[in-house]
Engineer: 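This is the structure I have questions about; it appears just below.
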Amino acid sequence: AQSVSQHNHHVILSEAASLELGCNYSYGGTVNLFWYVQYPGQHLQLLLKYFSGDPLVKGIKGFEAEFIKSKFSFNLRKPSVQWSDTAEYFCAVISTGGFKTIFGAGTRLFVKA
Amino acid sequence: KAGVTQTPRYLIKTRGQQVTLSCSPISGHRSVSWYQQTPGQGLQFLFEYFSETQRNKGNFPGRFSGRQFSNSRSEMNVSTLELGDSALYLCASSSPGVGGELFFGEGSRLTVL
C-alpha cells in the first residue's frame, strides 16, 4: 500500500533561516508528487507539484522541492523563510493515472519574527 | 471561477446521531474526493467519486458512506456517530489532465459530544 512519511511534525525557525522538510513515500510505480500548504484559517492549497522531467521543481513563494527517485524522496526547501510562511505543510503522492492521493501527517512550521 | 464549497462549515452532533455533509466542486470538475483531517494524523482518504461512481475507498468503517450526483455535487454521510469522528472533513475536486492536483474546500468541522 502507498504511504507517505514526513520526518518532522513541528519545526520552529527564525526569519531568514533556511528550511528543509523531509518527505518519503513508498510505492513501486510511477507517481505524481505534491506539496500542499494550509495557512492559519485558510483552506489547503497547492504549493508545488512534480509529474516528470526536471527533478527540481519550483513553486509559489520561493519554495522548491527535489525529487530523488532512488531515495523515494521529495523534500521541500526554501532558502530564507518569512514569518508569513507559518503554516502546516503536507506532502502527497498519487500513482500516475490513479484516483487516490495519499497525504503525509503534515509538518507544522512556526517562523519567529 | 468559484472554488469548492462545503456545507455546513460547522456542526455539533451527539453520539449515535448521523450527519450528512455536502460538497459542490469547481465547475467542470467531475472528480470529488473526501478526507478526514485530525491533528497529528494528517489527511486520511475516505473515498473518491467520478461521474457518480465510487472509484476508490479508504479504510474507514461502513458507517462512512458517500455519493455523487449527476451534477458532480457530492455528499458524505456518517451514521451512528462516535466521539472519534470529531474532525475536519475536507472535500477536494479535480479534473482529468491535471495529474491529480486537488482543489480543496474549507471543510466541515464536525464535533461529536
Side-chain angles (χ1 to χ4, degrees), chain A residues 1-10 21-25 27 29-53 57 59-60 65 67 74 87-109, chain B residues 2-7 9-10 23-26 29-60 66 68 74 87-109:
Chain A
Q2 288 180 331
S3 67
V4 177
S5 175
Q6 291 185 236
H7 309 309
N8 311 96
H9 293 298
H10 294 89
L21 302 181
C23 172
N24 286 90
Y25 67 94
Y27 183 70
T30 306
V31 296
N32 294 341
L33 296 155
F34 307 84
W35 277 96
Y36 288 86
V37 59
Q38 190 171 36
Y39 297 104
Q42 296 187 27
H43 63 277
L44 271 160
Q45 56 188 282
L46 183 72
L47 198 56
L48 48 77
K49 59 190 176 186
Y50 172 81
F51 293 167
S52 63
V57 293
I60 60 172
F67 170 53
F74 190 55
E88 190 160 17
Y89 295 80
F90 294 92
C91 181
V93 61
I94 185 170
S95 59
T96 305
F99 315 128
K100 177 180 175 180
T101 300
I102 302 299
F103 284 77
T107 298
R108 286 184 181 269
L109 170 66
Chain B
V4 177
T5 303
Q6 292 188 244
T7 57
R9 292 287 316 281
Y10 303 91
C23 172
S24 293
I26 290 172
H29 285 190
R30 293 164 62 190
S31 170
V32 173
S33 299
W34 287 89
Y35 290 86
Q36 181 193 68
Q37 184 180 11
T38 53
Q41 297 294 315
L43 279 72
Q44 301 295 312
F45 176 81
L46 281 156
F47 21 67
E48 187 265 355
Y49 289 88
F50 181 85
S51 292
E52 303 179 67
T53 300
Q54 186 184 90
R55 296 194 296 188
N56 217 320
K57 188 177 189 304
N59 297 322
F60 279 82
Q68 187 181 35
S74 177
L88 180 66
Y89 290 88
L90 294 171
C91 169
S93 72
S94 184
S95 177
V98 294
E101 178 181 347
L102 298 173
F103 297 81
F104 284 88
E106 294 187 330
S108 293
R109 183 165 296 280

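A note on names: the letters A, B, ... follow the listed sequences, proteins ahead of strands, and every chain is numbered from 1.
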Engineer: Grab the two heavy atoms, one from A/Phe90 and one from B/Leu43, that are nearest each other, plus how far apart they are.
Structural biologist: CE2-CD1, 3.6 Å
Engineer: Select one option (side chain, backbone, both, neither) describing which atoms of B/Gln37 are under 4.5 Å from chain A's heavy atoms.
Structural biologist: side chain
Engineer: What about the rings of A/Phe99 and B/Phe50, do their centers lie closer together than 6.0 Å?
Structural biologist: no
Engineer: Just jot down the ring pair (Phe, Tyr, Trp, His ring centres under 6.0 Å) partners of B/Tyr89, sequence neighbours excluded, or say none.
Structural biologist: none
Engineer: Identify which part of B/Glu106 has an atom lying under 4.5 Å from any heavy atom of chain A, answering side chain, backbone, both or neither.
Structural biologist: both
Engineer: In terms of heavy-atom proximity below 4.5 Å to chain A, should B/Tyr35 be classed as side chain, backbone, both, or neither?
Structural biologist: side chain
Engineer: When heavy-atom pairs shorter than 4.5 Å are enumerated against chain B, which of A/Gly98, A/Gly104, A/Ala105 gives the highest number?
Structural biologist: A/Ala105
Engineer: Relative to chain B, which segment of A/Glu88 carries a heavy atom at a distance below 4.5 Å: side chain, backbone, both, or neither?
Structural biologist: side chain
Engineer: Can you pull out the residues in residues 35-43 of chain A with any heavy atom less than 4.5 Å from chain B?
Structural biologist: A/Tyr36, A/Gln38, A/His43
Engineer: Using a cut-off of under 4.5 Å on heavy-atom pairs, state which of A/Leu46, A/Ile94, A/Ile102 scores highest against chain B.
Structural biologist: A/Leu46
Engineer: With A/Lys49, which residues qualify under side chain to side chain donor-acceptor pair (under 3.5 Å), at least two apart?
Structural biologist: B/Glu101
Engineer: Find the distance between CD (A/Gln45) and CG (B/Leu102) and round it off to the nearest 0.5 Å.
Structural biologist: 13.5 Å
Engineer: Under the rule for side chain to side chain donor-acceptor pair (under 3.5 Å), what residues qualify as partners of B/Gln54, not counting sequence neighbours?
Structural biologist: B/Tyr49
Engineer: Taking atom CG of B/Leu90 and atom CG of A/Leu44, what is their separation to the nearest 0.5 Å?
Structural biologist: 6.0 Å
